[in-house]
Amino acid sequence: MGAMLGLVCTVRLRDAPTTGRRTWWLVLAAWGIGGTSIWTMHFMAMLGFRVSGTQIRYDLGLTVASAVLAIVFVAIGLFIVGLGRPTAVKIVTGGVLTGLGVAAMHYTGMAAMRLNGRIEYDPLLVGVSVGIAIAAATVALWMAVRVRRPAAIVVSALVMGLAVNGMHFTGMFSMSAHLHGTPSRLGGVTAATLIVPIVFAVIVVAVGLAYALVAASTDEDRAGVAFLEAQIADRDAAAPAPAPARTGLRVTDAGRFNRPR
């Protein structure tokens with residue numbers, strides 16, 4: 001859903017006639033792809049993660065930072081490919097930067113976990129997950145500048161969703177937890193505390209994006225307005241000049257003013 005809304009916003013971004021509108025659609029696309037599609041999927045899946053023998057809590061500051069990373073780096077990637085004519089160099093450059101940002105988001109979110117133990121990572125699987133993130137981001141940016149038709153947007157959104165899931169679970173598979181012998185007090189908030197605000201935020205953002213897409217004028221709307229304005233201008237130009245207003249008086253030969261009979 002997030003990828004689909006974000007891709008539709010990128011279509012509007014490419015068609016926007018002014019800098020202000022392009023900035024507006026860039027922000028909405030970054031929220032849709034980076035926030036709803038990537039970060040929300042990542043953290044909702046993390047909330048389902050369990051380690052036997054310990055409770056898991058989450059550092060709120062690092063959790064928010066991971067969301068900001070996803071949105072900002074997607075915005076940077078979209079800005080790079082959307083600035084001027086999209087080229088292969090721009091798409092690859094934007095994809096690498098965005099992929100590294102998505103990987104940073106993922107491991108920042110994992111660093112936000114607090115449990116009664118020590119967390120280690122398999123370097124090989126970490127590298128694979130980063131590679132998947134870069135490949136997925138590059139494909140996503142390529143789709144963002146190429147797709148237009150509804151069917152293509154749906155297929156592209158499914159591909160992006162599968163790629164994001166593949167990166168996330170590869171990163172989770174690279175992690176191993178080694179519990180401490182004695183339990184310790186854990187800081188942070190629980191998964192149950194985070195679920196409600198995350199779901200609420202997703203609903204608000206999705207409804208806001210959908211409303212913005214429905215309310216915004218399209219090329220067809222602008223073309224229709226221009227056609228009507230041209231028709232009105234042509235009609236006004238072809239209309240005869242109005243006759244002079246009558247005063248209701250006439251001048252006789254003697255110079256007297258008499259009212260007409």
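All figures in this text were calculated on a predicted structure; none of them were measured in a lab.
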| remark: So the salt bridge (charged side-chain N to carboxylate O under 4.0 Å, His left out) pairs with at least one residue in residues 108-125 (sequence neighbours excluded) are Asp59-Arg114, Arg118-Glu120
| field | Any pair counted as side-chain hydrogen bond (donor to acceptor under 3.5 Å, both in side chains), so long as it reaches residues 91-103, sequence neighbours left out | value | none
| said: Same cluster or not: Met44 versus Ile38, using hydrophobic residues (I, L, V, M, F, W, Y) connected whenever any side-chain heavy atoms lie under 4.5 Å apart? | reply: yes
| message | If hydrophobic clusters are built by linking Ile, Leu, Val, Met, Phe, Trp and Tyr wherever their side-chain heavy atoms come under 4.5 Å apart, do Met41 and Leu62 end up in the same one? | response | no
| note | When every non-hydrogen atom of Thr63 is compared with those of Ala112, the smallest separation belongs to OG1-CB, 3.7 Å
| remark: side-chain contact (heavy atoms from CB on, under 4.5 Å) filter on Ile153, not counting sequence neighbours, yields Met4, Leu7, Val8, Val11, Val147
| request: May I have all residue pairs that pass side-chain hydrogen bond (donor to acceptor under 3.5 Å, both in side chains) and include part of residues 27-49, sequence neighbours excluded? | output: Trp39-Ser66, His42-His106, His42-His168
| note | All heavy atoms of Gly77 vs all of Leu141, minimum pair found to be C-CD2, 3.8 Å
| Do Leu162 and Val130 share a hydrophobic cluster, counting only Ile, Leu, Val, Met, Phe, Trp and Tyr and linking them when any side-chain heavy atoms are less than 4.5 Å apart? | no
| query | If you measure from CD1 on Ile76 to CG on Leu97, what distance do you get to the nearest 0.5 Å? | reply | 7.0 Å
| request: Any pair with a residue in residues 71-82 that passes side-chain hydrogen bond (donor to acceptor under 3.5 Å, both in side chains), sequence neighbours left out, goes on the list, sorted by first then second residue, please. | output: none
| task | Taking all non-hydrogen atoms of both residues into account, name the closest pair between Phe43 and Gly109 and its distance. | result | CE1-O, 4.4 Å
| request: With sequence neighbours excluded, give me every side-chain hydrogen bond (donor to acceptor under 3.5 Å, both in side chains) pair touching residues 126-145. | output: Tyr107-Ser129
| field | Side-chain cluster (under 4.5 Å, hydrophobic types only) that Phe173 belongs to, other residues | value | Leu125
| task | Could you pull out the closest heavy-atom pair between Ala70 and Gly34, with the gap in Å? | result | CB-O, 3.4 Å
| task | Using side-chain contact (heavy atoms from CB on, under 4.5 Å) as the criterion, list what pairs up with Ile119, not counting sequence neighbours. | result | Met113, Leu115, Tyr121, Met175
| said: My understanding is that only residues two or more places apart in sequence, or in another chain, count here; which of them pass ring-ring contact (aromatic ring centres under 6.0 Å, His included) with Phe73? | reply: none
| task | Looking only at non-hydrogen atoms, find the nearest pair between Ile91 and Val81 and report the distance. | result | CA-CG1, 3.7 Å
| said: Between Val164 and Phe169, is there shared hydrophobic-cluster membership here, with clusters defined by ILVMFWY side-chain heavy atoms closer than 4.5 Å? | reply: yes
| Rounded to the nearest 0.5 Å, what separation is found between the OG1 atom of Thr193 and the CZ atom of Arg57? | 7.5 Å
| message | Rounded to the nearest 0.5 Å, what separates atom CE in Met105 from atom CE in Met110? | response | 11.0 Å
| Should side-chain heavy atoms under 4.5 Å link Ile, Leu, Val, Met, Phe, Trp and Tyr, which residues sit in the same cluster as Val89? | none
| query | Is there any ring-ring contact (aromatic ring centres under 6.0 Å, His included) pair reaching into residues 77-103, and which pairs are they, with sequence neighbours excluded? | reply | none
| note | Taken to the nearest 0.5 Å, the spacing of Ile33 CD1 from Leu28 CG works out to 11.0 Å
| said: To the nearest 0.5 Å, what is the distance between CE on Met46 and CZ on Phe49? | reply: 8.0 Å
| query | Atom OG1 in Thr170, atom CG in Asn165: separation rounded to 0.5 Å? | reply | 10.0 Å
| message | Quick check: closest heavy atoms across Met143 and Ser156, and the distance to 0.1 Å? | response | SD-CB, 3.3 Å
| For Val204, what are the other residues in its hydrophobic cluster, where any two members join if their side-chain heavy atoms are less than 4.5 angstrom apart? | Phe200
